[in-house]
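On a predicted model such as this, the values are computed, not experimentally measured, just so you know. Convention: sequence-line order gives letters A, B, ...; per-chain numbering from 1.
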4 protein chains.
Amino acid sequence: MNKNQPKDMDKKRRLFEAAARLFAEKGFEKTTVDEIAEAAEVAKGTVYYHFKGKEELFLFLVEEGMAILMRRIAATLKNGMDCRVSLKKLIQVQLEFFAEYWDVCRIVLAEAWGTSTRQEKLQELLNEYYAIVGRIMEQGIRERVIRPQDKEVLCTALFGMTVLVALHFLQKSGPVDWARIEEQLETLFFRGVVIDTGNGKLL
Amino acid sequence: MNKNQPKDMDKKRRLFEAAARLFAEKGFEKTTVDEIAEAAEVAKGTVYYHFKGKEELFLFLVEEGMAILMRRIAATLKNGMDCRVSLKKLIQVQLEFFAEYWDVCRIVLAEAWGTSTRQEKLQELLNEYYAIVGRIMEQGIRERVIRPQDKEVLCTALFGMTVLVALHFLQKSGPVDWARIEEQLETLFFRGVVIDTGNGKLL
Amino acid sequence: MNKNQPKDMDKKRRLFEAAARLFAEKGFEKTTVDEIAEAAEVAKGTVYYHFKGKEELFLFLVEEGMAILMRRIAATLKNGMDCRVSLKKLIQVQLEFFAEYWDVCRIVLAEAWGTSTRQEKLQELLNEYYAIVGRIMEQGIRERVIRPQDKEVLCTALFGMTVLVALHFLQKSGPVDWARIEEQLETLFFRGVVIDTGNGKLL
Amino acid sequence: MNKNQPKDMDKKRRLFEAAARLFAEKGFEKTTVDEIAEAAEVAKGTVYYHFKGKEELFLFLVEEGMAILMRRIAATLKNGMDCRVSLKKLIQVQLEFFAEYWDVCRIVLAEAWGTSTRQEKLQELLNEYYAIVGRIMEQGIRERVIRPQDKEVLCTALFGMTVLVALHFLQKSGPVDWARIEEQLETLFFRGVVIDTGNGKLL
DNA sequence: CATGAATGAGATTTCATTCAT
DNA sequence: CATGAATGAAATCTCATTCAT
C-alpha cells in the first residue's frame, strides 16, 4: 500500500474540500452526504467516521474558514497602525481571502440568514469578525479620522460591499484584476462616489 | 356571492403569502408543502393544482418579489433627475423594500450564490437590477458628478452594502431606525468614511 | 354557436377516440383522466359527465370494439357455410378489424391478463368471441373436415396467431401487404408449416 | 456466519422474488413498493438502495426472465438438429417456461404492446427471440422441410399461438395437461387443422 | 481506520373524483 | 350540458444516520 498515492491522502481533507465545493454550489440542504462521499472518493461511512454528521462537517468547514480569515487579519494588523492603513489592509486581506476561499464565502452568504442552530453559529462567527473591524472603526472615530457613525453600519457595509464585489467578479469567468478592484473599493469606502466640489455641498 | 370574504380570496394568493412567510421563516428546504397548505388553509393537492411543485412556487415568489422592487424603482426614478437624487432614492427604495419584503429578500439572499438552475434564474434577475443602477452611474460619470470608476464595482458595492446592512439589522430583534441607517449609508456611499482634511490627502 | 365546428362535434366521441389512443399507447393505469380530457379537448369534468369514471370509459371502449367485431363476424358467416370458408372469412375479418381498431386490440392484449374486475370483464368478452369460433370448429370436427382436437386450443391458437401477426406488422412503420399475410395465415392454419411428403409421416 | 439462513439470503434476491410474485398477481401499477418491501421482509428504503425505483425493479425482472428463456432455448437447440425437432422442442421449452414463470410472462404480456420507453425495451427483447426462431425457420425452408413463407409471419404466429394458448389455460384455475396442449400445438403448427383428403385440395 | 448495506421517518408528488357554478 | 378548481388518500422517493464487519 503506497501511502503517497493521492487516493490515500488524508481522507478527512478530501472530505473537507469536496464538502466545501458542494455546499457552495448547491447549498447545505441540497447537498447530500452521498454526493460528498462520492466527490471525496471515500465510502459514505467514512463521513461519519470523521465527523459526527453533516451538520458538524458544515460547521467544521465554516469555522476553519473563518479561523483562517481571522489569523490573516491578526497577522496583518499591528497595534498603533493608522486606522486608514488598517482598513486598507483589511480590504486587501478580505479580497484575497474571498478569492482564495470562494466556496466558504458563498456558503456563509447563503446560509447565514435563517434562525436554525447552524445559522446562529454563522451569525456568531460573523459577529466576531465585526468586533475586530469595529475596533478599528472606533479608533478612527476617536482619532477624528473617521466620520462618527454607527459602527455596525460601517462594519456591515464594508463587509457587504467587499464580499458582493468579490463574488460578482468571481462568478464571471475570466481573469480578475484584483489590484484595480481593491483600489476602487478603497477609494469608494474612503471618499465615496461623489466628486468633491470643494464647497462642502454634496448636492 | 361575496368575493371579498377572506375564505373566497384567491387560494393561489393565500398559497403565495403562506409560502413567502414560511420560506422566509424557515428556509426553502425546511418548509414542507404540508405546512404551506395548512398555513394557506387549503388541501395539499391544491398546491399542486396551482403550481407544478414546490420549486415553481418558490420561483413564482421570487419573480413577484423582484417585479415589485423593479416597479417601485421605476416609479421613483424620473428622467432628467440629478443622479445624486436618483441614488439617494434608490437606497431609500431598497431599504424600504428590504424591510417590507424581508421574507422574500432572505430567500433571494440565501439562494442566489450557487450555480444551479434555480440560482441562475436569480442571477438573471439581479443582472436586470444592476443594469438599471448601472445607467444611473453612467449618467453621473458623464455629468462629472460621480468619480469615474468601474460601473460594475459601483453597482455591486452599492447593492452589497445596502443589502448586508439591511439584513444585519433585520436579523437583530427590536425596532430599526431606518431613517438613520438610510442617512448613514447615503453619507458613506457619497462621501466615504474618511473626514475630509481639506488638503486633498487621504493619508 | 356553430354546432358544426369540429370542436363542437360530439364530445363523447372525441373522448372515446382520445381514450382509445391513450390506453393503447400507455396502458390503462398509466393514462390519466387529465390526459384523456386534454387529448379530447374537453374539460376534465366532461369525462365525468359522460362516463361514471375512468373504468367505465374503458369498458365502454372495449365493449364497443368487441361489439363491432361481433357484428362483422355475424354479417360474414352464413348458416350452412362450409367451415373452411367460415374460418377463411374469420381470419379475413379479424385481420381487417385488428388493422382498423389497432388501439382496441392492443388494449385487450395488454389488459386482459390480470384478476381485477376490469380484466374479468375482458375475459368474458374474449370468451364470447371464443364461443362463436368454437361453434365453427365443432361443426368442422363433426363434418370430419377438421382434425378432432381440443376446441379451446384451436380457438385461442387461431386468435393468438392472428392477433400477434397483425400487431407485429402494425407496429412496424410502412405499408403492410394484408392480402399476403391473410393468405399465409390461412395456409398455416389449414395445412401447417411442414411440406407434405405424401408418406403420412412428419418426421 | 451462516450465509444460507433465509434471513441472510441476499435481500436483493428476496426483493426480486417478492416483486415478481406481486407484479404477476396484481399487475405493475397495482403493486405498491410498500407491499414489495413487506413481502420481501426488508425496509422500504432497501428497495431504493438496490434499485433506482419501481420501474428499474420491473425491468430487472423482465430482463432476468427473458435471459432465463434464452438460456433454456440455447441449451435445448443443438447445431445440426432437424428443424422439425428444433421447433418441437421450442414449443415445449416455451410452454414449460410460460408455466413456470407465469408471473413474469404475464407482466411481459401486459406491458409489451404500447409504445413507451419501457415497452421499447420489451420489444427489443422480443426481437432477439424472433431472431433465434427466425434462423430455425430459414434452415427449414432451405432444407425444403418447411413451406417457403414469410419468416416474420411464421415466427410471430408461432409465438402468438403458443403464448395465447398458454395464457388461456393458466388463467383458468385447475390443473393443466401440458403434454396434451403441447402435442396439439405441435400438430396444429406442423400439419394445420384440416384433415388431409389426399387429393391435394383443401376446399 | 474504513466501509457500504440497510434503515425508516418524513418528504414530495400524483390523480381519480367531486361539486358548485 | 359542461366546466375546472379543489380535494385528500395513497403512492413514490429521499437521505441522514446506524452498525456489523
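- Taking 4.0 angstrom as the limit, A/H50 places none of its side-chain polar atoms (N or O) nearer than this to OP1 or OP2 of E/dC1.
- Relative orientation of the D/F16 and D/F60 rings is perpendicular, given thresholds of 30° and 60° on the angle between their planes.
- Side-chain contact, A/S116 with A/Q119: a donor N or O sits under 3.5 Å from an acceptor N or O.
- Put simply, D/K12 has no side-chain N or O that comes within less than 4.0 Å of OP1 or OP2 on E/dA6.
- In this structure, A/Y48 reaches the F/dT17 phosphate: one of its side-chain N or O atoms is under 4.0 Å from OP1 or OP2.
- The 12-atom threshold is not exceeded at CD of A/E38, counting heavy atoms of other residues, nucleotides or ligands nearer than 6.0 Å.
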Output the pairing pattern of DNA chain E as a dot-bracket string, 5' first, Watson-Crick or G-U wobble with both distances under 3.5 Å, | for cross-strand pairs, [ ] for crossing pairs.
.||||||||||||||||||||

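- Look at CD on C/E56: it is 12 Å from P on E/dT18, rounded to the nearest Å.
- Going from atom CG of A/L15 over to atom C1' of E/dT3 covers 13 Å, rounded to whole Å.
- The side chain of A/A43 approaches E/dT3 more closely than any other nucleotide in the set E/dT7, E/dT3, F/dT3.
- When heavy atoms are screened at a 4.0 angstrom cut-off, C/T32 is found touching the sugar-phosphate backbone but no base atom.
- Listed nucleotides E/dT17, E/dT12, F/dT3 differ in distance to C/V42; the shortest reach to its side chain belongs to F/dT3.
- B/K44 comes within 4.0 angstrom of a base, heavy atoms only.
- Between B/F23 and B/F28, the two ring planes are tilted [angle within 30° to 60°].
- A heavy-atom distance below 4.5 Å is found between the side chains of B/E35 and B/T32.
- Per the geometry, CD1 belonging to B/I36 stands 12 Å off C1' belonging to E/dA11, to the nearest Å.
- Looking at which nucleotide of DNA chain E each of C/G53 and A/G45 is closest to, the 5′-most match is held by A/G45.
- The distance from atom CZ of A/F58 to atom C1' of F/dC15 is 18 Å, rounded to the nearest whole Å.
- Rounded to an integer number of Å, the gap from CD of D/E29 to C1' of F/dA11 is 11 Å.
- One atom, NZ of D/K30, and another, C1' of F/dA9, lie 15 Å apart when rounded to the nearest Å.
- Rounding to whole angstrom units, CD of residue A/E41 and P of E/dC1 are separated by 21 Å.
- Residue contacts for D/V47: at a heavy-atom cut-off of 4.0 Å it reaches no nucleic acid atom on any strand shown.
- Residue B/K11 has a polar side-chain atom (N or O) positioned under 4.0 Å from OP1 or OP2 of F/dT7.
- Distances from the side chain of B/D34 to the nucleotides E/dT12, F/dT7, E/dT3 place E/dT12 closest.
- Residue B/K54 has its side chain nearest to E/dT13 when only E/dT17, E/dT13, E/dA2 are considered.
- In this structure C/Y129 satisfies the ring-ring contact (aromatic ring centres under 6.0 Å, His included) test together with C/F159, sequence neighbours excluded.
- One finds the CZ atom of A/R21 at 5.5 Å from the CD atom of A/E25 (value rounded to the nearest 0.5 Å).
- Here the side chains of D/M66 and D/E63 are not in contact, with every heavy-atom distance at 4.5 Å or above.
- Where C/F28 and A/Y49 meet DNA chain E, the nucleotide closest to each residue was compared, and A/Y49 sits on the side nearer the 5' end.
- Here the P atom of nucleotide F/dT17 and the NZ atom of A/K52 are 10 Å apart, to the nearest Å.
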